[in-house]
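This report refers to the structure that appears directly beneath it.
Bear in mind the structure is a predicted one, so any value in this text is a computation, not a measurement. As a basis for the values below, the full set of heavy atoms in this structure was taken, side chains included, without hydrogen atoms, waters or symmetry mates.
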Amino acid sequence: MPAELSARHLLDRALDAHGTWATLRALVAAMFARRRRPGVPNGLGDHLRRDLGLPPEAQSPRYWDIR
């Protein structure tokens, strides 16, 4: 890995350019932002299943049918 692409080199450049607290704050914000991203949905949507030649998944009951 080239030295200019190493994590240590990039961290040193960020510290020199922005300071310790701003870099630390950005790192913590990035860690928490990563958790908030939506994950991969479970299963395929009906339109993808149809495109692949699969039958659609069982439909959930409509809200007016639930009593």
*Results of side chain to side chain contact (heavy atoms under 4.5 Å, CB included) for Leu52 - residues two or more places apart only*: Leu44, Leu54

*Value rounded to 0.5 Å, distance of CZ in Arg8 from CZ in Arg13*: 14.5 Å

Acceptor/donor pairs from residues 21-29 side chains to any protein atom, 3.5 angstrom cut, sequence neighbours excluded:
unit_1, atom_1, unit_2, atom_2, d
Thr23, OG1, Ala14, O, 3.3
Thr23, OG1, Gly19, O, 2.7

